[in-house]
Amino acid sequence: MSATMTRSAQDQAAVDEAATRLALYHFQRCPFCVRVRHQIERLNLPIELRDIQRDPDHRRDLIAGGGRSMVPCLRIAHEDGRIEWMYESADINRYLEQRFGH
Ligand SMILES: N[C@@H](CCC(=O)N[C@@H](CS)C(=O)NCC(=O)O)C(=O)O
């Protein structure tokens with residue numbers, strides 16, 4: 001695994017703030033979720049992890065909001081109030097890289 005990204009305190013504070021609008025629905029042993037969790041660690045993002053196997057409320061919210069129980073799924077609360085449910089590990093990792101990778 002590549003090194004964890006470091007930022008200035010000011011940049012990290014902005015990233016921390018942005019991450020409060022994100023949540024990852026996942027479960028521990030899902031290999032696609034492992035990939036996304038690695039990306040989250042690498043990019044040093046304090047994204048809330050919501051385990052759908054350990055917490056039935058999270059599973060219910062994922063199905064109600066996203067329409068499917070598949071994980072990983074990134075919940076994005078946009079500034080305009082819109083909620084986006086992004087499935088597919090490759091799409092999530094690309095999004096995180098584009099948004100936080102530089
Ligand atoms: N192509 C998807 C595959 C995700 C996937 O197959 N997730 C499994 C767990 S490892 C799952 O949630 N299966 C249950 C379902 O589809 O409802 C990705 O890369 O994210």
Side-chain angles (χ1 to χ4, degrees):
M1 200 178 118
S2 42
T4 303
M5 189 165 180
T6 53
R7 303 179 177 90
S8 69
Q10 195 181 353
D11 286 351
Q12 187 63 46
V15 165
D16 291 353
E17 169 65 26
T20 65
R21 297 184 160 277
L22 305 174
L24 185 75
Y25 289 79
H26 77 121
F27 62 77
Q28 221 52 46
R29 290 161 58 97
C30 158
F32 304 97
C33 302
V34 170
R35 282 189 210 162
V36 175
R37 292 199 307 266
H38 280 167
Q39 176 79 315
I40 286 172
E41 280 173 32
R42 187 181 71 79
L43 294 173
N44 212 354
L45 306 173
I47 293 177
E48 184 187 338
L49 300 179
R50 298 181 179 171
D51 189 320
I52 67 161
Q53 284 184 336
R54 293 188 178 186
D55 189 333
D57 288 350
H58 290 331
R59 185 166 191 281
R60 187 204 56 211
D61 292 346
L62 174 62
I63 295 168
R68 304 162 72 185
S69 62
M70 191 173 78
V71 288
C73 180
L74 185 69
R75 180 186 189 276
I76 307 168
H78 289 282
E79 303 270 355
D80 62 5
R82 191 169 52 90
I83 304 292
E84 182 179 355
W85 298 82
M86 183 182 285
Y87 290 93
E88 293 299 331
S89 54
D91 291 347
I92 297 168
N93 277 358
R94 189 178 314 111
Y95 170 80
L96 293 175
E97 173 64 29
Q98 282 172 356
R99 194 161 168 204
F100 300 109
H102 38 80

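The first residue of the sequence shown is numbered 1, and numbering continues consecutively from there. Every number for a ligand or one of its atoms is a count from 1 in the order of the listing.
Pairs engaging residues 12-21 under the side-chain hydrogen bond (donor to acceptor under 3.5 Å, both in side chains) rule: Arg7-Gln12, Gln12-Asp16 [sequence neighbours left out].
Connection of Ile83 to Tyr95 is not established within any shared hydrophobic cluster, with ILVMFWY side chains joined at heavy-atom distances below 4.5 Å, either directly or through further cluster members.
Note that CZ of Arg50 and NE2 of His26 are 10.5 Å apart. Values are rounded to the nearest 0.5 Å.
Contact residues of ligand 1 (protein heavy atom closer than 4.0 angstrom to a ligand atom; sorted by chain and number): Phe27, Cys30, Pro31, Phe32, Ser69, Met70, Val71, Pro72, Glu88, Ser89.
Under the side-chain hydrogen bond (donor to acceptor under 3.5 Å, both in side chains) criterion, Arg35 pairs with no residue at all, not counting sequence neighbours. Looking at residues two or more places apart in sequence or on another chain, you find no side-chain hydrogen bond (donor to acceptor under 3.5 Å, both in side chains) involving Gln28.
Under a 4.0 Å N-O distance rule, the pair Arg42/Glu97 qualifies as a salt bridge.
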